[in-house]
Number of protein chains: 2
Amino acid sequence: MGKQARTPQAREDRVKAILAAALDQFSQAGFDAARLDDIAAQAGVAKGTIYLYFESKERLLEALVASTISAPLEALEKRVAASPASASDLLRDFGAFMTQAAADPDRRRVMHLVFSEGARFPALARFHHREVISRGSALIRAIIAKGRASGEFVHDEPERFPQLAFAPALVAAVWLHVFDPIEKLDASGLIEAHIAMLLRALTREVL
Amino acid sequence: MGKQARTPQAREDRVKAILAAALDQFSQAGFDAARLDDIAAQAGVAKGTIYLYFESKERLLEALVASTISAPLEALEKRVAASPASASDLLRDFGAFMTQAAADPDRRRVMHLVFSEGARFPALARFHHREVISRGSALIRAIIAKGRASGEFVHDEPERFPQLAFAPALVAAVWLHVFDPIEKLDASGLIEAHIAMLLRALTREVL
DNA sequence: CGAAAAAATGACCGAAAGGTCATTTATCAT
DNA sequence: ATGATAAATGACCTTTCGGTCATTTTTTCG
């Protein structure tokens, strides 16, 4: 006597297809220029179908950003909380996390979308800040604080400005979308170099 | 027997007013959503007048980005070329340059526009890369090379990845447009902390 | 099987905005 | 002054979507 949709899986697949197509089109053309008709065509549905699942174009964008939550971030959070590792190693882990994020085209595209459209759609900026930025910042602060407590680190800039720690991830996301056709960027090399500098800058003895 | 416009100055003022209004509207609403009618109204001209000076909306955007060339960058370039100063001081100068750039709303808005729309308008990305990014990169490389030659610096990451040096400027431009309503950022503090870390990371003796 | 309910479709509507151009206004030469 | 020229205007045209909804298709259940 079930009464819910006969296709719990099919329904989810459809939503996923729409979101994937939307990410593609939004990322390619920008929010305004992207056409619902194209998104529908790419997702293999009719335009009207999109409105069965999403209220409006804007809600579709919000759902899209919301659907790309950071599972990997949670793993790192646990690792830092458990903390058998040294602060230096945790910082290296953070670098690995950024490298991974920069290598994932979907995540990069969502990040770039947020940076591009976030000013006009506060819900987007708010969500991304809450789910990614503030969590990443807390992580950095925890790692630096731990390093300072243990004596590994003798400076505190990233505790005051966590942005300094994840700046290269932001640079990579923007660069790969905007300047890569002009000048290629080795994102993982960039992040590796960044972490190396960060460790030297933090661990250095006071002059 | 003059035959040119009766108003050489008025003509230039009009172009400036249009560009200023365009920056305002593009930056506020994004390229697509910005209305030519609004730009015209804000500039105090009729819509048709814009088309007397610019071929299309897209050309207006390009002209806008092109009109914000970095005079300060040129000063720094000369200073580095002349080079009586130490590499450390030059790096501090570069920090001051970034602070200044981050504090100028117009420049920030242009940067954010390039990051947001550059992927769709290659002419924009190309121009900004040529006039700002590549010149900034060359500057960084020259400063680091000089420091390494003189023995001041014993590491070379920013020479391989100049992006590491100007990442905070990019972060500031994005942050102040997207996340500032949610969490304020002290851009000059950020850049100051960044330069401090950079100097420690570069000058450290080999362990 | 067949009726009813649900899901999907895509032709259509209306608003919005980029771009045009006939008309008006200001400037200049004589 | 006045005709000629250039500049500016803004009503208008046209196209382009976001969003709707009557119709069609699929699924469910007695």
Side-chain angles (χ1 to χ4, degrees), chain A residues 1-64 113 117 120-121 123-124, chain B residues 1-64 113 117 120-121 123-124:
Chain A
M1 285 90 102
K3 86 231 318 172
Q4 82 286 27
R6 308 295 139 230
T7 46
Q9 182 61 38
R11 185 184 169 88
E12 196 172 329
D13 286 350
R14 236 188 188 83
V15 170
K16 274 201 181 118
I18 293 171
L19 288 173
L23 175 52
D24 218 59
Q25 294 293 326
F26 285 155
S27 172
Q28 184 122 34
F31 176 77
D32 286 296
R35 282 164 299 191
L36 266 312
D37 281 304
D38 289 347
I39 293 172
Q42 187 175 329
V45 300
K47 182 162 62 169
T49 305
I50 294 178
Y51 285 85
L52 257 34
Y53 297 97
F54 304 97
E55 256 183 20
S56 65
K57 195 184 187 184
E58 188 173 334
R59 289 299 178 93
L60 175 56
L61 173 62
E62 288 169 13
L64 170 60
L113 260 181
E117 315 285 357
R120 292 197 295 140
F121 302 110
L124 235 64
Chain B
M1 288 86 94
K3 87 231 319 174
Q4 82 286 23
R6 309 297 137 228
T7 46
Q9 181 61 38
R11 184 185 170 88
E12 195 171 330
D13 287 349
R14 236 185 188 83
V15 170
K16 274 201 181 118
I18 292 171
L19 288 173
L23 175 53
D24 218 59
Q25 294 293 326
F26 285 154
S27 173
Q28 184 122 36
F31 176 77
D32 286 297
R35 281 165 298 191
L36 266 312
D37 281 306
D38 289 347
I39 294 172
Q42 186 174 330
V45 300
K47 181 162 63 169
T49 306
I50 294 178
Y51 285 86
L52 257 33
Y53 297 96
F54 304 96
E55 257 183 18
S56 64
K57 195 184 186 185
E58 187 173 335
R59 289 301 178 92
L60 175 57
L61 173 62
E62 289 169 13
L64 170 60
L113 260 181
E117 316 285 356
R120 292 196 294 141
F121 302 110
L124 235 64

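We use all heavy atoms of the structure for the numbers below, so side chains are in, but hydrogens, waters and symmetry mates are not. None of the values given here were measured: they were computed from a predicted structure. Throughout, protein chains are lettered first and strands after them, A, B, ... in sequence-line order, and every chain is numbered starting at 1.
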Q: To the nearest Å, give me how far apart OH (B/Tyr53) and C1' (D/dA6) are.
A: 11 Å

Q | 5′-ward residue of the pair B/Thr49/A/Arg35 relative to DNA chain D | A | B/Thr49

Q. To the nearest Å, how far apart are B/Ile50 CD1 and C/dG19 P?
A. 11 Å

**Q.** Those residues that, when tested against B/Asp38, pass side chain to side chain donor-acceptor pair (under 3.5 Å) (two or more places apart)
**A.** B/Arg35

Q) Expressed in angstrom and rounded to an integer, what is the separation of A/Leu61 atom CG from D/dG18 atom C1'? A) 15 Å

Q: Just grab all the salt bridge (charged side-chain N to carboxylate O under 4.0 Å, His left out) pairs involving residues 15-25 of chain B, residues at least two apart or on different chains.
A: B/Glu12-B/Lys16, B/Asp24-B/Arg109

Q. Relative to the 5' end of DNA chain C, which residue comes earlier, A/Ala46 or B/Asp32, by the nucleotide with the nearest heavy atom?
A. A/Ala46

Q) Got B/Leu113 and B/Leu124 here, is their nearest side-chain heavy-atom distance under 4.5 Å? A) no

**Q.** Mutual orientation of the aromatic rings belonging to A/Phe31 and A/Phe121 [parallel < 30°, tilted 30-60°, perpendicular > 60°]
**A.** perpendicular

(Q) Restricting to side chain to side chain contact (heavy atoms under 4.5 Å, CB included), what partner residues turn up for A/Ala63, sequence neighbours left out? (A) A/Leu19, A/Phe54

(Q) Considering every strand and a 4.0 Å limit on heavy-atom distances, what is the contact class for A/Phe54: base, sugar-phosphate, or nothing? (A) nothing

**Q.** d(CG, A/Asp13; P, C/dA7) in whole Å
**A.** 16 Å

Q: Could you state the atom-to-atom distance from CZ of B/Arg59 to P of C/dG19 in whole Å?
A: 11 Å

**Q.** All salt bridge (charged side-chain N to carboxylate O under 4.0 Å, His left out) counterparts of A/Lys47, not counting sequence neighbours
**A.** A/Asp37

Atom pairs, N/O to N/O, protein against nucleotides 19-22 of chain D, distance under 3.5 Å?
| residue | atom | partner | partner atom | Å |
| --- | --- | --- | --- | --- |
| D/dG19 | OP2 | A/Tyr51 | OH | 2.7 |
| D/dG19 | OP2 | A/Lys57 | N | 2.9 |
| D/dG19 | O5' | A/Tyr51 | OH | 3.4 |
| D/dG19 | N7 | A/Lys47 | NZ | 3.2 |
| D/dG19 | O6 | A/Lys47 | NZ | 2.5 |

Q | Qualifying residues under salt bridge (charged side-chain N to carboxylate O under 4.0 Å, His left out), relative to A/Glu58, sequence neighbours excluded | A | none

Q. Over how many whole Å does the gap from A/Asp38 atom CG to D/dT16 atom C1' extend?
A. 12 Å

Q. Checking all strands, does A/Ala34 fall into the base, sugar-phosphate, or nothing category for heavy-atom contacts under 4.0 angstrom?
A. sugar-phosphate

Q. Whole Å only: how far is the CD1 atom of A/Ile39 from the P atom of C/dG10?
A. 17 Å

Q.
Please confirm whether the shortest side-chain N or O distance from A/Arg14 to OP1 or OP2 of C/dA7 is below 4.0 Å.
A. no

Q) Nearest-Å distance, CG (A/Leu52) to P (C/dG10)? A) 13 Å

